[in-house]
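A short write-up of the structure that comes next.
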Amino acid sequence: MRTVVVTDPPRADVGDAETLGGFGVATVHEALGRVGYLGPVFRPAWAGARIGGTAVTALCWPGDNLMIHVAVEQCRPGDVLVVATNSPSTDGLFGELFATALAHRGVRGVVLGSGVRDVAELREMGFPAWSTAVSAQGSVKATAGAVNVPVVLGGQRICPGDVVVADDDGVMVVPRADVPRALTASRARLDKEAASREAFTQGELGLDRYGLRARLPEFGIEYVPYEEFAEEER
């Protein structure tokens, strides 16, 4: 691993990132064709946060948060700090003091492929964090890693400047070059869902609205009166 800090990488537009964050993980994920989701192991430290921001990445050694300290300096307003480790770790690499420093710099949140701690304090200060574990186990500051290099979390490649969207449904990444398509597709999906929501409030069934009723025989589904079914089961 090259121990390097890459400065001023190109970033997606902060306003576009915020807009995608407002759409939410499920909407953007579906709109893009079900890609970019980091998986169910990334959970919020506290419920209710919803963010979209540009990635600043930190690659750390397990149990070592030296490169998070280095990464803080590279963060700008609208960023999301994304922390990976080069082998599995559940140690609490991030807590209240880091959050205080990042909040001062306008950072929108943190995503950790490791543990987070000081959950009560993070909730009280309103700093969003997603992680694969909650752990009081602390860390050292002894081994060099890298900042603003591509990292992999949940099987997804995250590059500096990509858009990270996170909420109660989890975390996803939108590659910087894919942001325009994500915006267009997400808006279209929201419009479609609004129309379906209105139809459902009027009593229409998804079977009919989505054209599923005519396809049920293709799946081998048949409707059988209870008396007939009960007789066949005897």
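Heads up: numbering here begins at 1 and tracks the sequence. All values below were derived from every heavy atom in this structure, side-chain atoms included, with hydrogens, water molecules and symmetry-related copies excluded.
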Please name the pair of heavy atoms, one in V173 and one in R157, separated by the smallest distance, quoted to 0.1 Å. CG1-O, 4.1 Å
Student check: side-chain heavy atoms of L20 and S186 closer than 4.5 Å: yes
Do any N or O atoms from the side chain of R117 and from the backbone of S135 form a donor-acceptor pair under 3.5 angstrom? no
Output yes when a side-chain donor or acceptor of N65 lies under 3.5 Å from a complementary backbone atom of I68, and no otherwise. no
With a 3.5 Å distance limit and no angle check, can you tell me whether W46 reaches the backbone of A120 through a side-chain donor-acceptor pair? no
Heavy-atom pair of closest approach, residues D167 and G24: OD2-CA, 3.3 Å
For a 4.5 angstrom cut-off between non-hydrogen side-chain atoms, does L32 reach R181? yes
Is L102 reachable from V119 through a run of hydrophobic residues whose side-chain heavy atoms are each under 4.5 Å from the next? yes
I would like to know whether D79 and R76 meet salt bridge (charged side-chain N to carboxylate O under 4.0 Å, His left out); could you show each step before the answer? CA-CA 6 Å; D79 282 339; R76 301 177 183 173; 5.7 Å; no
To the nearest 0.5 Å, atom CG of L112 lies from atom CG of L81 at 7.0 Å
Do the non-hydrogen side-chain atoms of V163 and D16 ever get within less than 4.5 Å of each other? no
Report, as yes or no, whether the 6.0 Å neighbourhood of atom OH on Y226 holds more than 12 heavy atoms from other residues, nucleotides or ligands. no
CZ/R209: more than 12 non-hydrogen atoms of other groups inside 6.0 Å: yes
May I have the step-by-step check of side-chain contact (heavy atoms from CB on, under 4.5 Å) for E18 and R108, ending in yes or no? CA-CA 10 Å; E18 186 173 11; R108 291 177 174 166; 3.4 Å; yes
Residue pair W130 / F42: nearest heavy atoms and the distance that separates them: CD1-O, 4.5 Å
Relative to each other, are the rings of F127 and F94 parallel, tilted or perpendicular (30° and 60° limits)? parallel
Side-chain donor or acceptor of R187 paired with backbone N/O of A182 under 3.5 Å: no
Distance-only, no hydrogens or angles: does the D118 side chain make a donor-acceptor pair with backbone N or O of G95 under 3.5 Å? no
For residues V174 and M172, report the shortest heavy-atom separation together with the two atoms involved. CG2-CE, 4.0 Å
Keeping the roles fixed (side chain from T57, backbone from V149), state whether a donor-acceptor pair exists under 3.5 Å. yes
Would you say that T90 contacts T132 through its side chain, given a criterion of any heavy-atom pair below 4.5 Å between the two side chains? no
Side chains of V56 and R11 in contact at under 4.5 Å (non-hydrogen atoms): yes
Give the minimum heavy-atom separation between A142 and L66, together with the two atoms involved. N-CB, 4.3 Å
Carefully, step by step, assess D169 and Y37 under the rule side-chain contact (heavy atoms from CB on, under 4.5 Å). CA-CA 10 Å; D169 291 335; Y37 180 51; 5.9 Å; no
Ignoring hydrogens and angles, tell me if any N or O in the side chain of D168 forms a donor-acceptor pair with the backbone of G48 under 3.5 Å. yes
Honestly curious: do V171 and I51 fall in one hydrophobic cluster under the side-chain, below-4.5 Å linking rule? yes
Do S114 and D91 come close enough that some side-chain heavy atom pair is under 4.5 Å? no
Nearest heavy-atom pair of M67 and A58: which atoms, and what distance? O-CB, 4.0 Å
Checking side chain to side chain contact (heavy atoms under 4.5 Å, CB included) against P62, which of S89, P88, S139 comes through? S89
L216 side chain near Y223 side chain, heavy-atom distance below 4.5 Å: yes
Is it the case that atom CD in E193 sees more than 12 heavy atoms from other parts of the structure closer than 6.0 Å? yes
Short question: side chain of R105, backbone of E73 - any donor-acceptor pair under 3.5 Å? yes
Under 4.5 Å between side-chain heavy atoms, hopping through other hydrophobics if needed: is there a path connecting V80 to L59? yes
Heavy atoms, side chains only, cut-off 4.5 Å: are L93 and T85 in contact? yes
